[in-house]
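So you know, we letter chains A, B, ... as the sequences are listed, proteins then strands, and number each from 1. Predicted, not measured: the structure shown is a model, and the values here were computed from it.
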Amino acid sequence: MTGLTRRHLLAGGLLGASFGLPIPALSATAGSTPWRNWSGGLSATPAGRFAPASEAELAEFLGSTSGSLRPVGSGHSFTALVPTDGHLVVIDQLTGLLDHDSASMSATFGAGTRLGDMGEPLAQIGQAMLNLPDIDRQTLAGATATSTHGTGIGFTGLSAMVTELRLITPGGEVIDVNAQSHPDLFNAARVSLGALGVITRMTLQNRDTYRLKAKNWVQPIEEVLESFDEMAASHRHFEMFPLTHSYYALTLSIDETDEPINNPEPSAEEAAAFDQAMAMWAQTPPRDRRPLVNGLAEQIGPSEAVDVSYRILSNVRNNRFNEMEYSVPLEAGAECLREVLRTISEQEVDVVFPLEYRYVKRDDTWLGMSSGDEDHAAISIHRTASEDYRPYFDLIEPIFWKYGGRPHWGKIHSLGAAELTQLYPHFADFQALRAELDPQGRMLNDHLRKLFIG
Amino acid sequence: MNRLLKLGLAVTLLLVLGSCGETTDSAPEPVADIEAAEADAPTAGTLTARQMQQWSDSCALCHVTGVADAPVIGNSEQWQARQAQGKDVLLAHTLEGFNSMPPLGYCMSCETDDFSAMIDFMIGDLQ
């Protein structure tokens, strides 16, 4: 942003108050288009959408208006972070590579940039992200606001890779935040749920470009669990996808390589075979499915792919779904997963979607899923978007609680302030900082009130 | 190749990697795709500069490469069947999501009029 200073913005934002002028309330925009999230499970009719062309425009807007607001990234969250009858703030014009430093291997992006649009510009400056989540169509702001993470005991979630950010508060104040300038705000704002204002840019710690080799194979779930710690320690990334109603898991390891790129697309024939398999599984009652799934799993051969890092770490998910993910302390991970799988089997839950089980390194954010003094195991369950996820998720969620699980902020959960206070040592600190930055609560919707007010 | 092995590869690739036809290293670069698509874009249906930016940042993710069976911009064969359903149906699918396409097609800032213009833009000369 050229020529814009915090002072200018403060002046603009406080102009009305300084001269005793009323701050205009945001008015409804007739005919505003309804909003829905990626899975289609959430909807709202916002009063309007505001998509600023610059940080200055956003600061002016926030500083000169009142009324409810919710920032939205790509709408990938399954929890009701976005729905509002106020205005949506969309930062899809605050995008792209803004700055970089080759010495520290860091780069600054507009926070509206999609993760999938960062790999190529970073490669052009000789940098690459340390890790990426499985899906890369979220915006940088949205992914970090929800503590989105990738896989690997050696890697924190994305939020802890942020070294500096710019926050425009609900009142229009522009604050450049890093660990030295505002330590508490830095630890809160890296996982903010969009509750502290609107983050417009972020600087990430990166590294030099690299190539990765992914290997997939099928292995009995118990075998994988018994060697999981060893495998997680010996591979850059290691995770498994337990097949429901089966003894087997699909297993994935990813390591650095100098091998030539070889990452072929699945053929149409393979895609058709996949569709047939899923249809066959879905048509077979859960109690009868185990021999079928086991038999098919045993036929699955290993496969490999080599590509630049960002094309191996993230993938496009074209089959829309809803998801619940909890992280539990590492030592509880295997037992928690076993109980989830046992419950699915015993209760004959009619679900075809595999689970996902992976490790995430601890970090120093206040509300990160793996924040604090211990690493975590993340366990995910899914339902296709066209199915009612509630009976399945309602059955499994108490198991996650039993093992001290923390919910992914962007994925389905039912916890509120009372429970969350017990799970995060700094939850009360976050609540206090939120109230200080947004005393009028204009960034709150019903979901956030449940989380932070109770 | 053994059919079950093919099935296994498919399951592995599509569940584990989840890449249902996503571009790979051998595919054209996305930026080049978009530029080529814009250069070849049909004349019927025009977008404002802002709508073109929104389209490039969202709709183009799938409607340039055809990922997830999305109809490719300007491909008359692919769009004819869709157009036969009527503009209102296409617009409803865009707003509510349809098959692999998420509601709003990833454009969180777009209003209904923007989507209407983008549909016309992609259908092009067929209108």
Give, as side chain, backbone, both or neither, the part of [X] having an atom under 4.5 angstrom from any heavy atom of chain A.
X: B:Q53; value: side chain
X: B:N99; value: backbone
X: B:L104; value: side chain

Quiz prompt | Heavy-atom closest pair, residues A:H76 and B:Y106 | solution =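 Nearest heavy atoms, A:H76 then B:Y106: NE2-OH, 3.2 Å.
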Side chain proximity check, [X] to [Y], heavy atoms < 4.5 angstrom:
X: B:M108; Y: A:V82; answer: no
X: B:S58; Y: A:R137; answer: no
X: B:D57; Y: A:D117; answer: no
X: B:M101; Y: A:R320; answer: no

Quiz item: Top residue by heavy-atom pair count (under 4.5 Å) with chain B, among A:D92, A:N37, A:V72?
Solution: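 Most heavy-atom pairs within the cutoff with chain B belong to A:D92.
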Practice problem: Please lay out, stage by stage, how B:D114 and A:T33 fare under the test side chain to side chain contact (heavy atoms under 4.5 Å, CB included). | Solution: CA-CA 10 Å; B:D114 298 319; A:T33 299; over 6 Å; no
Practice problem: Just give me the residue among B:G105, B:P102, B:C107, B:C110 that pairs up with chain A most often, heavy atom to heavy atom, under 4.5 Å. | Solution: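 Most heavy-atom pairs under 4.5 Å with chain A: B:P102.
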Quiz item: Which value, rounded to the nearest 0.5 Å, describes the distance between B:L95 atom CG and A:S43 atom OG?
Solution: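 Those atoms lie 12.0 Å apart.
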Quiz item: Is it true that a side-chain atom of B:S109 and a backbone atom of A:A51 form a donor plus acceptor pair closer than 3.5 Å?
Solution: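 No; zero donor-acceptor contacts below 3.5 Å.
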